[in-house]
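As a basis for the values below, the full set of heavy atoms in this structure was taken, side chains included, without hydrogen atoms, waters or symmetry mates.
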Amino acid sequence: MPRWDDYKAEARSRGALALELFVVRSVPAGDGAAVRAALPDHLAYQARLEAEGALVLAGPLSDESGENVEGMGMIVYRARSLAEARALAEDDPMHRTGARRFTLRRWLVNEGGLSLTVRLSGQTVSLS
């Protein structure tokens, strides 16, 4: 199994973007009451990270049928390191209060295309 940094360097040598982002999979840790109680602070935290440029994307995931929301969410961070991304996830009020637990993975974005920046809670759009 290749080491992460070697894999990233090899992807770059092929001309891939090799943009490192960090993906959080967040799941409820208990009953819905704790999640509901932490929601206002969580949303404010997400909005702050978005304004600072650390939050790329976030939102709920469906179940495997695609028909229901089962409580799982995904958050994508922009950070300088895995440790910095972990600190962002740990500081999220949902995780800090124990309402949700998370796993964190590095994500190497190689292909695709984006040319539009949309700040959802900030309600701004810019082209670059």
Supply the atom-to-atom distance [X] [atom1] to [Y] [atom2], rounded to the nearest 0.5 angstrom.
X: Leu82; Y: Phe22; atom1: CG; atom2: CZ; result: 6.0 Å
X: Glu67; Y: Ser62; atom1: CD; atom2: OG; result: 8.0 Å
X: Asp41; Y: Arg96; atom1: CG; atom2: CZ; result: 7.0 Å
X: Leu57; Y: Met74; atom1: CG; atom2: CE; result: 7.0 Å
X: Ser121; Y: Leu49; atom1: OG; atom2: CG; result: 10.0 Å
X: Asp31; Y: Arg36; atom1: CG; atom2: CZ; result: 7.0 Å

Is a side-chain N or O of [X] found less than 3.5 angstrom from the main chain of [Y], in a donor-acceptor match?
X: Arg78; Y: Ala54; value: no
X: Tyr45; Y: Leu88; value: yes
X: Gln46; Y: Ala58; value: no
X: Glu50; Y: Val56; value: no

Within a radius of less than 6.0 Å around [atom1] of [X], do more than 12 heavy atoms belonging to other residues, nucleotides or ligands occur?
X: Glu64; atom1: CD; result: no
X: Arg14; atom1: CZ; result: yes
X: Trp107; atom1: CH2; result: no

Taking all non-hydrogen atoms of both residues into account, name the closest pair between [X] and [Y] and its distance.
X: Thr97; Y: Ala38; result: OG1-CB, 4.0 Å
X: Pro28; Y: Gly71; result: CD-O, 3.3 Å
X: Arg25; Y: Met72; result: NE-SD, 3.6 Å
X: His95; Y: Ser26; result: NE2-OG, 2.9 Å
X: Arg100; Y: Val35; result: CG-CG2, 4.1 Å
X: Val24; Y: Tyr77; result: CG2-CE1, 3.5 Å

Side-chain contact test, heavy atoms from C-beta onward, threshold under 4.5 Å: evaluate it for [X] versus [Y] and give yes or no.
X: Met94; Y: Leu39; answer: yes
X: Gln123; Y: Arg119; answer: no
X: Asp92; Y: Ile75; answer: yes
X: Glu111; Y: Leu17; answer: no

Would a hydrophobic clustering, with Ile, Leu, Val, Met, Phe, Trp and Tyr connected at side-chain separations under 4.5 Å, put [X] with [Y]?
X: Val23; Y: Phe102; value: no
X: Leu55; Y: Val109; value: no
X: Val118; Y: Leu43; value: no

